[in-house]
Amino acid sequence: MADGKEYVSSPDELGSIHISEDVLAVTAAAAALEVEGVGSLAANLGSDIAELFSGRKNLSKGVRVTVGESGVAVDISLLVKYGATVQEVARAAQDAVAAAIENATSFQVTAVNVHVAGVTFDHLRKPKQA
């Protein structure tokens, strides 16, 4: 697997299964965005620059996956919708991310660290009428 990506491997009776860390990150991002009260993921400078140069949308911005001996750890940065209870949203995001990765891959999730980077007010804007 010489394409420069990191893979998580697990042996199987028929061979080995290799899953890109990008797959884990996108799974985590999708799960977090499904949580009520999450406005969006919070990009960091690195993901913004990568998106700019690659010309592709980075579906896992704000997510960092670390694979260790004991399992998968996820750091996720997000924006919470104004009016939502930050602790409740962060806890729900932790649960959703862990469940999504474990269900999709059967890998043990050892930690989901949620970093609330800010508050979004987008849901309060009313659409302009024509």
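Between Val89 and Val38, the closest side-chain pair of non-hydrogen atoms falls below 4.5 Å. Between Asp75 and His115 the shortest side-chain heavy-atom distance falls below 4.5 Å.
In terms of heavy atoms, Ala93 sits closest to Val114 at CB-CG2, 4.4 Å.
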(request) Take Val63 and Val74, measure what side-chain contact (heavy atoms from CB on, under 4.5 Å) needs, and give me the verdict at the end. (result) CA-CA 7 Å; Val63 180; Val74 179; 4.1 Å; yes

(message) Is there a side-chain contact (heavy atoms from CB on, under 4.5 Å) between Val35 and Leu33? Walk through the geometry before answering.
(response) CA-CA 5 Å; Val35 172; Leu33 289 170; over 6 Å; no

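Distance check, rounded to the nearest 0.5 Å: OG of Ser40 to NZ of Lys81 gives 10.0 Å. To the nearest 0.5 angstrom, Leu41 atom CG is 8.0 Å from Leu79 atom CG. How far CG of Asn113 is from CZ of Arg64: 8.5 Å, rounded to the nearest 0.5 Å.
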Please tabulate, for side-chain N and O atoms in residues 96-111, each donor-acceptor pair with protein atoms closer than 3.5 Å (sequence neighbours left out).
from: Glu102; atom 1: OE2; to: Val109; atom 2: N; distance (Å): 3.2
from: Asn103; atom 1: ND2; to: Ala99; atom 2: O; distance (Å): 3.1
from: Thr105; atom 1: OG1; to: Ile101; atom 2: O; distance (Å): 2.6
from: Thr105; atom 1: OG1; to: Phe107; atom 2: N; distance (Å): 3.1
from: Thr110; atom 1: OG1; to: Val72; atom 2: O; distance (Å): 3.2

